[in-house]
Amino acid sequence: MANEFLTDIKTLRARARQHIENGAVTEGYTANLETVVRILNEALATELVCVLRYKRHYYMATGIHAQAVAAEFLEHAAEEQAHADQIAERITQLGGAPDFNPQTLTTRSHAEYVEGETLMDMIKEDLVAERIAIDSYREMAQYFGDRDSTSRSMIERILAMEEKHADDLVNLLTTLDPTKKA
């Protein structure tokens with residue numbers, strides 16, 4: 001029957017004993033590992049660049065609203081670091097090596113590292129980066145599909161947080177200058 005559940009237990013047990021050196025990558029994994037690791041390393045670079053930009057903005061925020069905005073920057077930096085850690089862990093689960101090379105970080109990142117001069121500039125640059133992450137992570141999730149449901153699920157959780165960050169930043173923009181839209 002086409003709708004029967006999985007494979008019989010005996011076969012599952014036998015397959016699990018084959019190629020145990022591959023760890024989490026079992027026979028049922030159908031994605032191209034090299035491509036997945038490359039994509040995840042791009043996501044890792046994106047998160048790390050965002051951490052660095054948010055941290056700079058945290059320290060450089062000035063003006064009457066700086067304290068509240070800086071707190072938001074610091075919170076986002078911590079969340080982006082958590083995303084980077086999740087992605088690096090997934091890369092190693094797949095037998096890859098997370099690429100933390102600072103010399104190529106910005107070339108692999110989907111988001112740019114733009115400092116911004118004013119508090120409003122900083123918020124806008126962070127919002128642009130979040131919008132880039134949203135689009136690229138959505139594409140990643142679609143690519144992973146059923147071929148790598150664990151990576152897809154992780155990226156979807158990160159995507160949801162990036163959407164929240166974008167919403168937070170739009171709210172900051174409209175709070176600081178209600179006459180302007182992002």
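Hydrogens, waters and symmetry mates are skipped; everything else that's a heavy atom, side chains included, is used. This one's a predicted model, so the numbers in the text were calculated from it and none came from an experiment.
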- Item | Audit row: Y137, T46, side-chain contact (heavy atoms from CB on, under 4.5 Å) steps and yes/no | CA-CA 10 Å; Y137 292 171; T46 301; 3.8 Å; yes
- Cluster link L44 to V37, ILVMFWY, side chain under 4.5 Å: yes
- Hydrophobic cluster membership, I134 vs Y113, 4.5 Å side-chain cutoff: yes
- Query: Are more than 12 heavy atoms from other residues, nucleotides or ligands located less than 6.0 Å from atom CZ of F144?
  - Reply: yes
- Sub-4.5 Å side-chain heavy-atom contact between S151 and I39: no
- Query: Is there a side-chain contact between H165 and E80, using heavy atoms and a 4.5 Å cut-off?
  - Reply: yes
- Presence of salt bridge, R138 and D135, under 4.0 angstrom: yes
- Message: Are L159 and M161 connected into the same hydrophobic cluster when the rule is that any two of I, L, V, M, F, W, Y join if their side-chain heavy atoms are below 4.5 Å apart?
- Response: no
- How long is the gap from CD1 on I91 to CG on L33, to the nearest 0.5 Å? 12.0 Å
- Report whether L176 and V128 are members of the same hydrophobic cluster (ILVMFWY, side-chain heavy atoms less than 4.5 Å apart, transitive linking). no
- When you measure from the side chain of R90 to the backbone N and O of T150, does any donor-acceptor pair fall under 3.5 Å? no
- G116 versus D121, closest heavy-atom pair with distance: CA-CB, 3.8 Å
- Where is the tightest heavy-atom contact between A77 and V51, given as atom of each residue plus distance? O-CG2, 3.7 Å
- Task: Check whether any side-chain N or O of S153 sits under 3.5 Å from a backbone N or O of S149 as a donor-acceptor pair, and report yes or no.
- Result: no
- Got a donor-acceptor contact below 3.5 angstrom from the N41 side chain to the D99 backbone? yes
- Item | S136 (side chain) donor-acceptor with I132 (main chain) under 3.5 angstrom | yes
- Task: Go through the steps for L173 and M120 under the test side-chain contact (heavy atoms from CB on, under 4.5 Å), then give the verdict.
- Result: CA-CA 7 Å; L173 282 177; M120 291 294 277; 3.7 Å; yes
- Query: At what distance, to the nearest 0.5 angstrom, does CG of D148 lie from CG of L94?
  - Reply: 5.5 Å
- Lys/Arg N to Asp/Glu carboxylate O, R152 vs E156, below 4.0 Å: yes
- Task: Show your reasoning for whether side-chain contact (heavy atoms from CB on, under 4.5 Å) applies to M122 and V114.
- Result: CA-CA 8 Å; M122 292 176 198; V114 180; over 6 Å; no
- Message: What I'd like to find out is whether the side chain of H76 reaches to under 4.5 Å of the side chain of D126, using heavy atoms alone.
- Response: no
- Does S109 reach the side chain of L48, with side-chain heavy atoms less than 4.5 Å apart? no
- Message: I want to check something: taking the side chain as every heavy atom from C-beta on, are L172 and T175 in contact at a cut-off of under 4.5 Å?
- Response: no
- Query: So E42 and H110, side-chain contact (heavy atoms from CB on, under 4.5 Å) or not? Walk me through it.
  - Reply: CA-CA 7 Å; E42 289 173 6; H110 294 184; 2.9 Å; yes
- Message: Using 30° and 60° as the class boundaries, would you call the ring planes of F73 and Y54 parallel, tilted or perpendicular?
- Response: tilted
- Query: Roughly how far, to the nearest 0.5 Å, is the CD atom of Q86 from the CG atom of L40?
  - Reply: 11.5 Å
- Item | Smallest separation among heavy atoms of A88 and F100, with atom names | CB-CZ, 3.9 Å
- Query: Will you find, in the side chains of H83 and E79, an N or O donor that is under 3.5 Å from an N or O acceptor?
  - Reply: no
- Message: Between D168 and K164, does any NZ, NE, NH1 or NH2 come within less than 4.0 Å of an OD or OE carboxylate oxygen?
- Response: yes
- Task: Report yes or no: does H57 contribute a side-chain atom to a donor-acceptor pair with the main-chain N or O of A70 at less than 3.5 Å?
- Result: no
- Query: L127 and L74: same hydrophobic cluster, using ILVMFWY side-chain contacts below 4.5 Å?
  - Reply: yes
